[in-house]
Amino acid sequence: MSTTTAVVRKNTYYDSVSLMSVSTKANALDGVEQAFTAMGTEMNKGVLENLGLLTEELRAAESGDLMIVLVAEDGADTGALLSGVEDLLTRKAPASAAGGEVTYRTIASAAAGIEGANLAVIAVNGAYAAREARKALESGLHVMMFSDNVTVEDEIALKNLAHSKGLFMMGPDCGTAIVNNVALCFGNKVRPGSIGVVAASGTGSQEVSVRVHALGGGISQLIGTGGRDLSERVGGIMMVDGIRALAADPATDVIVLVSKPPAPSVEKKVLAEVAAAGKPVVVWFIDGSEEAVTAAGGHFASGSLQAARTAVGLAGLAPAAAGEFDAEAAAAQVAARLADGQKYVRGLFCGGTLCDETMYAVRDAGLDVWSNIQKDPAFRLPAGSASRGHTFLDFGDDDFTNGRPHPMIDPALRIERIVEEAKDPEVAALVLDFVLGFGSHEDPVGTTLPAIEEALRLARDAGRHLEIVAYVLGTDLDTPSVAAQSDALRAAGVTVTLSSTETGQFARAIAKKAQA
Amino acid sequence: MEDHGDTVTVPVLSGDARLLDLLEPLRGKGSVHSVFARVVNLLTPDGTLIALAARGSGDAPRTLTADVSDWSAYHLSAGLGVTFATGNVSVDGRRLRLATVGARAWRPAAPSLAAPPPGVVAAAADALDRICRAHGPLGGMLGAAPGAGPMERAVVDALHAGRTTLLDAVRDGGAAPVRLGVLALLGLGPGLTPAGDDFLTGLALVAALPGSRLAALRPPLREVLAAHGRRTTALSLATLHEAAEGRVRSELLALVALLATGDPGAALHASVRKVLAIGHSSGGDTLSGLVAGLHLEEELRGSL
């Protein structure tokens with residue numbers, strides 16, 4: 001026969017986060033038949049009365065009192081169970097009615113205060129980030145370090161420490177990860193699945209994950225490494241650990257690697273892991289070459305869309321059918337509307353890899369491209385400089401973010417630039433990206449639309465057609481959804497492309513025809 | 001934060017204008033009512049419950065937002081004495097003084113739903129409902145969470161029954177049935193602001209909008225709050241008193257203002273998300289009340 005125990009704590013306040021989660025956790029304790037924690041209001045007491053559980057003590061409870069009701073199984077130690085429930089209550093610090101969150105002042109207190117925690121996300125000033133990451137690793141936590149401006153010496157030391165402990169050290173400057181279906185920082189909401197990603201490029205990995213989702217596939221894990229991981233000095237420590245982890249993961253059938261081309265010695269090391277993975281590995285080394293990848297048994301991808309399509313196919317899924325985009329025909333229609341002198345494409349990007357993919361597409365057509373992230377110093381354009389010819393700016397690069405939030409969070413600088421570029425009579429087209437996801441601006445299109453409308457008005461008043469091309473990186477599961485953001489752009493007269501690769505193809509076709 | 005000798009003076013960044021006006025001439029002793037990480041509730045000398053929120057909490061009725069990240073450094077506890085004098089609030093024995101001089105006055109203004117043509121309000125309510133059901137937390141007005149125990153399920157059943165009773169009563173328009181409907185929800189739910197009260201807050205807000213067809217809800221609601229206030233928590237009672245006057249948290253007002261435009265568009269998701277972030281389930285439960293109120297508004301418009 002079960003035993004009912006009731007306790008009333010006078011004038012004790014917990015918000016509903018604590019009380020409901022405590023009830024749920026208490027119900028899962030061995031020996032508990034049912035448990036309930038609630039404020040002592042008349043209606044809550046009425047519910048207990050209907051269930052035959054209202055004791056005299058509970059009847060005397062008032063609205064400001066906390067009731068704990070415990071029905072224990074026959075033979076259970078009710079004293080110990082009640083202690084267990086009270087322990088759950090005291091473990092939860094009283095929280096605010098406004099937010100419900102608890103602020104931990106140190107990594108160690110957070111690690112101790114959150115049962116089962118095994119990963120720390122570190123996003124503090126770079127000067128302190130390494131110290132905090134070391135504490136986290138020493139507390140047995142994997143680390144995702146969003147912070148940048150961490151020295152390469154610290155990065156190497158942290159990655160070696162993590163490797164020695166069997167932990168991940170993702171970052172520094174790691175903006176995206178998906179761990180056990182939970183997207184971190186700039187990650188998108190995608191379907192769980194059998195494709196694992198290891199990436200040294202934040203928006204590159206986002207693009208691959210959303211394309212996989214759009215093609216009907218899903219993501220098992222997305223492991224970020226930080227942009228410097230494949231440099232000669234760091235040596236790909238995290239990339240190698242990531243490949244090995246996914247190779248050993250039974251939920252991962254196909255692995256995708258995303259990175260700028262590694263340093264030669266590191267490429268050799270990474271491709272050795274590809275050969276030894278025992279699973280198909282798709283390699284998208286942005287602007288990289290095919291030969292070495294193929295020799296190692298990897299599947300080379302020349303762009304994000306091809307990487308996603310190949311991975312989905314290797315996972316045994318038939319990629320959802322999509323009509324091929326005829327960039328040349330679309331660009332011909334644009335070119336027909338341009339005035340004399342309109343000959344250049346200007347790309348204003350929040351995502352570095354999205355900028356890369358479009359910029360390289362235009363460059364590969366034999367055209368000169370200028371950029372703040374150009375590898376060729378002769379065509380490098382410092383932040384703050386006026387555009388020249390075909391210009392592609394990555395507003396997420398350090399030059400633009402020094403002392404400012406990333407443009408995926410605060411797009412103000414790019415918004416100003418949209419209007420500036422529209423005043424230039426040589427500009428034929430503006431190319432923009434909008435990156436959705438958990439850490440991104442809550443309505444990137446909405447906040448940019450006034451500038452887009454102003455740009456179009458300026459061109460119209462000057463008797464010019466200005467083509468604005470935009471790509472929205474996101475999924476139907478993101479909030480806001482990719483469809484809602486794309487619809488808002490189309491309604492404003494913007495041409496919306498459906499992938500980063502397609503954006504590059506369209507920009508290249510426009511650039512060729514406008515300059516012809 | 002300035003440190004003058006032993007006492008730390010924390011500036012108040014913004015505050016409910018009505019509360020700032022009340023504090024200016026207020027003299028006397030109150031007390032700390034309850035302490036949370038980012039909100040501390042105080043009782044003024046006349047027993048009014050007010051809130052001190054940490055920065056970034058968003059403006060709300062009877063609330064001062066102070067320039068602190070949280071209150072943990074001040075070691076506050078329920079029962080400590082509080083001195084009110086010349087717009088300043090000092091917690092006895094904790095060398096903490098809050099200065100309201102220079103605080104931005106927040107004046108909540110409830111928008112009118114008169115502008116949107118017939119059908120638009122219902123469409124807005126449908127959109128709101130869809131988002132709320134897709135993203136709102138379970139355990140209250142949106143139904144029981146998976147694995148909920150028998151007691152939680154009993155609360156959810158009672159919430160459903162109370163909702164039906166109240167909405168039927170508002171449709172019929174009789175004050176006595178409405179009072180019974182309000183009493184069926186008041187104080188129902190485990191937390192500090194019970195789910196039934198959150199639902200009433202959303203419904204009361206619609207009733208308080210200029211030109212609302214639900215205006216007849218307000219007198220019996222006020223009567224119940226006056227006569228049966230002890231049936232719920234002090235914080236929830238204060239929230240309901242204010243909601244009956246159309247005074248609710250800024251996130252909720254912003255959402256209603258967006259709906260009142262008749263074309264919330266892509267901004268709706270972001271606005272709803274801010275409301276859903278209030279408490280654990282409070283935001284979702286309040287939105288349930290708002291959705292029910294908007295549907296009733298449309299229904300009652302059509303019956304005129």
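In this text, all values refer to a predicted model and were calculated from it rather than measured experimentally. Letters A, B, ... are given to chains in the order of the sequence lines, protein chains preceding strands, and every chain is numbered from 1.
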Participant: Could you tell me if the side chain of R231(B) sits less than 4.5 Å from the side chain of T41(A), heavy atoms only?
Facilitator: no
Participant: Can you confirm whether R133(B) is buried at CZ, in the sense that more than 12 heavy atoms of other residues, nucleotides or ligands lie under 6.0 Å from that atom?
Facilitator: no
Participant: So what's closer than 4.5 Å to chain B heavy atoms on V71(A): side chain, backbone, both or neither?
Facilitator: side chain
Participant: Using non-hydrogen atoms only, which part of L183(B) is less than 4.5 Å away from chain A: side chain, backbone, both, or neither?
Facilitator: backbone
Participant: Any side-chain heavy-atom pair from E442(A) and K274(B) closer than 4.5 angstrom?
Facilitator: yes
Participant: With a 4.5 Å cut-off on heavy-atom pairs, point out which of G196(B), P194(B), P150(B), A154(B) contacts chain A the most.
Facilitator: P150(B)
Participant: Between the side chain of R230(B) and the main-chain N/O of E62(A), is any donor-acceptor distance below 3.5 Å?
Facilitator: no
Participant: Hey, does the side chain of N44(A) reach the backbone of L188(B) with a donor-acceptor pair shorter than 3.5 angstrom?
Facilitator: no
Participant: May I ask you to name which of L48(A), T479(A), D443(A) has the most heavy-atom pairs under 4.5 Å with chain B?
Facilitator: T479(A)
Participant: Determine whether L192(B) and M39(A) satisfy the following criterion, side chain to side chain contact (heavy atoms under 4.5 Å, CB included), listing intermediate values before the conclusion.
Facilitator: CA-CA 7 Å; L192(B) 193 53; M39(A) 303 306 289; 4.2 Å; yes
Participant: Output, in order, the C-alpha distance, side-chain angles, deciding distance and verdict of side chain to side chain contact (heavy atoms under 4.5 Å, CB included) for E152(B) and N27(A).
Facilitator: CA-CA 11 Å; E152(B) 189 185 327; N27(A) 273 308; 5.9 Å; no
Participant: Nearest 0.5 Å, what's the CG-OG distance between L235(B) and S63(A)?
Facilitator: 12.0 Å
Participant: Could you look at H33(B) and say if it's the side chain, the backbone, both or neither that has a heavy atom under 4.5 Å from chain A?
Facilitator: both
Participant: Passes side chain to side chain contact (heavy atoms under 4.5 Å, CB included), M43(A) versus L186(B)? Steps please.
Facilitator: CA-CA 7 Å; M43(A) 290 302 291; L186(B) 187 66; 5.6 Å; no
Participant: State whether the number of non-hydrogen atoms from other residues, nucleotides or ligands found under 6.0 Å of D30(A) atom CG is greater than 12.
Facilitator: no
